[in-house]
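The structure appears right after this line, and notes come after that.
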Amino acid sequence: MKYTQENGNIILKDYDSFIISQTLECGQCFNFNKLGEEDYIVTAHKKALHIYQSGDAIVFEDTSINEFETIWLNYFDLNRDYNEIKKLLADEDEILKGAVEYAPGIRIINQEFFQCLISFIISQNNRIPMIKKVVYNISKKYGEYIRTVNGEDYYSFPEPKRLFGLDGEEYKDCKAGFRGKYIADAVTKYVTDELEIESFKSLSTEELRKRLISINGVGPKVADCVMLFSLKRSDAFPTDVWVKRIMSYFYFGGQDTPIKKIHEFADEKFGDYSGFAQQYLFNYARQFKIGTDK
DNA sequence: ATCCAGGCCCGAT
DNA sequence: ATCGGGCATGGA
């Protein structure tokens with residue numbers, strides 16, 4: 001991987017495993033807008049990044065070396081060798097090989113913790129387009145205006161303090177539905193430091209999971225997503241309906257298997273690579289509707 | 001129209 | 001401990 005600055009843009013070349021559409025649209029994040037083929041706006045870190053493919057390069061528009069190195073390099077996990085991960089998983093079995101080859105351009109994004117937490121609280125019993133809308137509505141109502149691109153306004157995700165004290169009902173304007181009270185509890189626990197975020201790094205994944213589940217509206221699945229997508233816990237294995245289906249289908253003879261058994265299996269088989277395996281499998285299962293009657 | 005969505009809470013066993 | 005109904009909202 002190498003990157004240079006040209007005309008105010010960062011040009012990324014000689015990278016491995018990075019297809020913008022696959023990384024953004026594999027279900028791990030909701031803070032993006034598609035402008036065209038391999039052409040997106042991503043809102044994070046109070047910025048609206050225009051990122052697109054140009055030949056064999058990826059362009060981070062209007063970005064300095066400093067901004068690239070302090071924000072986007074880590075955000076898109078560009079220091080990690082995904083060829084190594086993909087090879088390891090593909091060698092595991094034919095199923096993973098297929099899942100990896102189907103979307104070889106997925107990278108696990110390192111999202112901002114607060115936005116990720118709220119996003120996945122919203123995700124429960126919801127659909128991805130709707131999750132994106134609610135995240136956008138909250139940003140528009142409580143965040144700060146960043147800029148307009150192609151007639152579309154972009155807003156930063158609000159600071160926790162900005163949301164502190166809001167009643168759960170307030171989020172109904174943003175179409176959060178019954179999840180408003182959950183958002184309110186997450187905000188309260190964040191701002192009052194009930195979560196003790198500073199201590200996260202010293203906790204085991206299991207301990208951290210329990211801490212996150214103390215939030216009303218955060219269960220095992222949401223906690224695992226938050227740990228994987230914003231706290232670099234690649235040993236987490238978020239198991240939603242799709243992952244449950246594909247795991248049952250391929251590894252348990254088609255028998256509907258309890259999540260606890262699936263977790264034990266994933267721990268043993270994937271270990272610290274569980275999160276990566278999960279994302280390839282989730283994407284694969286969802287695209288082909290594996291385990292459903294369709 | 002009825003069903004369901006990257007689940008979780010809560011009350012009943 | 002485990003199970004099932006209910007839940008806001010909107011698209012199929």
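The analysis underlying the following values was restricted to heavy atoms, covering all of them including side chains, and did not include hydrogens, waters or symmetry mates. All chains are named by letter (A, B, ...) in the order of the sequence lines, taking the proteins before the strands, and each is independently numbered beginning at 1.
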For the [atom1] atoms, the ones on [N] and on [M], what distance do you get once it is rounded to whole angstrom?
N: C:dA12; M: B:dG6; atom1: P; value: 13 Å
N: C:dG5; M: B:dC4; atom1: P; value: 13 Å
N: C:dG10; M: B:dC8; atom1: P; value: 22 Å

What contact category does [X] fall into here, base, sugar-phosphate, or nothing, at under 4.0 angstrom with non-hydrogen atoms?
X: A:Val243; result: base
X: A:Tyr171; result: nothing
X: A:Gln278; result: base

*Check whether any side-chain nitrogen or oxygen of A:Arg179 sits under 4.0 Å from OP1 or OP2 of C:dG6, and answer yes or no.*
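Indeed not, no polar side-chain atom of A:Arg179 lies that close.
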In whole Å, what is the span from the [atom1] atom of [X] to the [atom2] atom of [N]?
X: A:Ile262; N: B:dG7; atom1: CD1; atom2: P; answer: 14 Å
X: A:Trp242; N: B:dA5; atom1: CH2; atom2: P; answer: 8 Å
X: A:Ile259; N: B:dG7; atom1: CD1; atom2: C1'; answer: 9 Å
X: A:Leu212; N: B:dG7; atom1: CG; atom2: P; answer: 17 Å
X: A:Lys181; N: C:dC7; atom1: NZ; atom2: P; answer: 10 Å
X: A:Glu169; N: C:dC7; atom1: CD; atom2: P; answer: 14 Å
X: A:Lys132; N: B:dA5; atom1: NZ; atom2: C1'; answer: 16 Å
X: A:Ile121; N: C:dA8; atom1: CD1; atom2: P; answer: 16 Å

Taking atom types as modelled, find out whether [X] and [Y] have a side-chain donor-acceptor pair closer than 3.5 angstrom.
X: A:Thr148; Y: A:Asp153; answer: yes
X: A:Asp235; Y: A:Ser274; answer: no
X: A:His50; Y: A:Asp39; answer: yes

*Between A:Arg127 and A:Lys260, which is nearer to the 5' end of DNA chain C once each is assigned its nearest nucleotide?*
A:Lys260
*Check the angle between the aromatic planes of A:Phe60 and A:Phe68 and answer parallel, tilted or perpendicular using the 30° and 60° thresholds.*
perpendicular
*asked:* Within the structure provided, determine whether A:Asn110 and A:Leu231 are in side-chain contact (heavy-atom separation under 4.5 Å).
replied: no
*asked:* Using a 5.5 Å cut-off between ring centres and planes within 30 degrees, is A:Phe120 stacked on the base of B:dG6?
replied: no
*Does A:Lys132 count as lying over the ring of A:Phe32, i.e. NZ or CZ under 6.0 Å from the six-ring centre, within 45 degrees of the axis?*
yes
*Encode nucleotides 8-13 of chain B as B, S and - characters from 5' to 3', where the letter depends on protein heavy atoms closer than 4.0 Å: B to the base, S only to sugar-phosphate, - to neither.*
SS----
*Shortest non-hydrogen contact between A:Trp72 and A:Leu78, atoms and distance*: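 Closest pair (atom of A:Trp72, atom of A:Leu78, distance): O-CD1, 4.1 Å.
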_Is the distance from the ring center of A:Phe270 to that of A:Phe276 below 6.0 Å?_
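No: the rings miss the under 6.0 Å criterion.
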*asked:* If you go through the side-chain atoms of A:Asn125, does one of them form a donor-acceptor pair with the base of C:dA8 closer than 3.5 Å?
replied: yes
